Amino acid sequence: MILISVGTQLPFDRLIRAVDRWAVDHARTDVIAQVGPTRYRPVAMKSFSHVAYDVFRELQKDCTVMVCHAGMGSIITAMEFGKPIIVMPRNHKLGEHRNGHQFATLRQFGNRPGIYPAETEVELLALLERVDELTAYPTLNTIASDAFVEQLAEIVHRPSKPSKLRQLRHFFMKKRDVVADEVDAG
């Protein structure tokens with residue numbers, strides 16, 4: 001099964017439309033898509049806007065390949081479950097996102113084994129043409145080392161220092177109180 005995911009916040013019709021056309025052209029009935037708030041209604045893919053977290057995790061475990069937007073959750077989950085993933089970033093210049101951070105994410109992760117970058121529909125379709133040849137990234141270890149847990153606990157439990165803004169606000173509040181006291185006394 002090929003699992004498509006675009007997240008739940010923004011539509012990504014360009015990705016959904018391209019994969020759906022590919023599924024039609026190849027008579028694929030094994031494509032399932034989480035399409036979010038899309039305006040496009042898939043023809044060949046089984047699709048849903050949203051699904052419960054645990055149900056979606058099961059789909060991720062069961063799929064053979066994931067095709068997703070360049071969201072960190074999608075990439076990390078593919079690595080966690082040892083699934084090959086085709087990653088297509090939302091293009092902010094096309095109004096698919098607020099900024100270009102998904103291209104930055106792809107630059108950071110796109111050269112790792114098991115992660116297949118597709119910046120355009122042409123690249124996406126070329127990867128789908130060889131979908132059965134794609135290999136996975138080794139599964140991530142989901143258990144943190146003791147050293148990491150200790151380091152994280154130290155950071156979490158470290159007393160926070162007041163920010164400069166908070167320090168200034170406190171300073172001026174004291175000044176205001178002193179002035180008010182002088183006015184009241186005067």
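Note that the coordinates shown come from a computational prediction; the quantities given were computed from them, not determined experimentally. FYI, side chains are in, hydrogens and waters are out, and symmetry mates aren't considered; it's all heavy atoms of this structure.
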**Student:** State yes or no: do V67 and M1 share one hydrophobic cluster built from I, L, V, M, F, W and Y residues joined by side-chain heavy-atom distances below 4.5 Å, directly or via other members?
**Tutor:** no

**Student:** So, for I16 and P42, which heavy atoms are closest and what is the spacing to 0.1 Å?
**Tutor:**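 Minimum heavy-atom separation between I16 and P42: CG2-CG, 3.9 Å.
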
**Student:** Take atom CD in E123; do more than 12 heavy atoms of anything else shown fall under 6.0 Å from it?
**Tutor:** yes

**Student:** About how many Å separate CG of D13 and CZ of R41, when rounded to the nearest 0.5 Å?
**Tutor:**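 If I round to the nearest 0.5 Å, the distance is 9.0 Å.
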
**Student:** For the hydrophobic clusters of this structure (ILVMFWY residues joined by side-chain heavy atoms under 4.5 Å, transitively), does one cluster hold both I4 and L124?
**Tutor:**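 As far as the 4.5 Å side-chain criterion goes, L124 and I4 are connected within one cluster.
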
**Student:** Give, for atom CZ of R21 and atom CG of L128, the distance between the pair rounded to the nearest 0.5 Å.
**Tutor:**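 Nearest 0.5 Å value for the CZ-CG distance: 11.5 Å.
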
**Student:** For the residue pair R90 and Q102, what are the closest heavy atoms and their distance?
**Tutor:**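 Where R90 meets Q102 most closely, the heavy atoms are N-OE1, 2.8 Å.
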
**Student:** So do D54 and E58 actually touch side chain to side chain, heavy atoms under 4.5 Å?
**Tutor:** no

**Student:** Please examine the side chains of W22 and I2, heavy atoms only from C-beta on, and report whether any two atoms are closer than 4.5 Å.
**Tutor:**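 SC-SC contact between I2 and W22 confirmed.
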
**Student:** Tell me the closest heavy-atom pair linking A136 and G82, and the distance in Å.
**Tutor:**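 The answer is CB-O, 2.8 Å.
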
**Student:** Would you give the length of the straight line joining atom CD1 of I115 to atom OG of S74, rounded to the nearest 0.5 angstrom?
**Tutor:**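 If I round to the nearest 0.5 Å, the distance is 11.0 Å.
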
**Student:** Are any non-hydrogen side-chain atoms of R28 and V131 less than 4.5 angstrom apart?
**Tutor:**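 Yes - at least one pair of side-chain heavy atoms lies under 4.5 Å apart.
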
**Student:** Are Y40 and M45 grouped together when hydrophobic residues (ILVMFWY) are joined by side-chain heavy atoms under 4.5 angstrom apart?
**Tutor:**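 As far as the 4.5 Å side-chain criterion goes, M45 and Y40 are connected within one cluster.
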
**Student:** Is V31 linked to V35 within one hydrophobic cluster, defined over Ile, Leu, Val, Met, Phe, Trp and Tyr using a side-chain heavy-atom separation of less than 4.5 Å?
**Tutor:** yes

**Student:** For the pair F56 and T77, evaluate side-chain contact (heavy atoms from CB on, under 4.5 Å) and give the outcome as yes or no after the intermediate values.
**Tutor:** CA-CA 11 Å; F56 193 69; T77 302; over 6 Å; no

**Student:** How far does CZ of R14 sit from CZ of F12, to the nearest 0.5 angstrom?
**Tutor:** 4.5 Å

**Student:** Distance-only, no hydrogens or angles: does the Q34 side chain make a donor-acceptor pair with backbone N or O of S47 under 3.5 Å?
**Tutor:** no

**Student:** How long is the span from the CZ atom in R17 to the CG atom in L15, to the nearest 0.5 Å?
**Tutor:**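 Between atom CZ of R17 and atom CG of L15 there are 10.5 Å.
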
**Student:** Quick check against the 3.5 Å criterion: does K83 have a side-chain atom that pairs as donor or acceptor with the backbone of D62?
**Tutor:**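 The answer is no, because no donor-acceptor pair under 3.5 Å joins these two groups.
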
**Student:** Where do C63 and L3 come nearest, in terms of heavy atoms and distance?
**Tutor:** CB-CB, 3.8 Å

**Student:** Once you round to the nearest 0.5 Å, how far does CD1 of I75 lie from CE of M79?
**Tutor:**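 Reported value, rounded in 0.5 Å steps: 8.5 Å.
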
**Student:** Looking only at heavy atoms, which two atoms of P117 and L127 are closest? And how far apart?
**Tutor:**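 Between these two residues, the closest heavy atoms are O-CD1, 3.5 Å.
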
**Student:** Membership question, hydrophobic clusters at under 4.5 Å side-chain separation (ILVMFWY): are L125 and V65 in the same one?
**Tutor:** yes

**Student:** Grab the two heavy atoms, one from T105 and one from M72, that are nearest each other, plus how far apart they are.
**Tutor:**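 Answer, listing the atom of T105 first, then M72: CG2-SD, 3.6 Å.
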
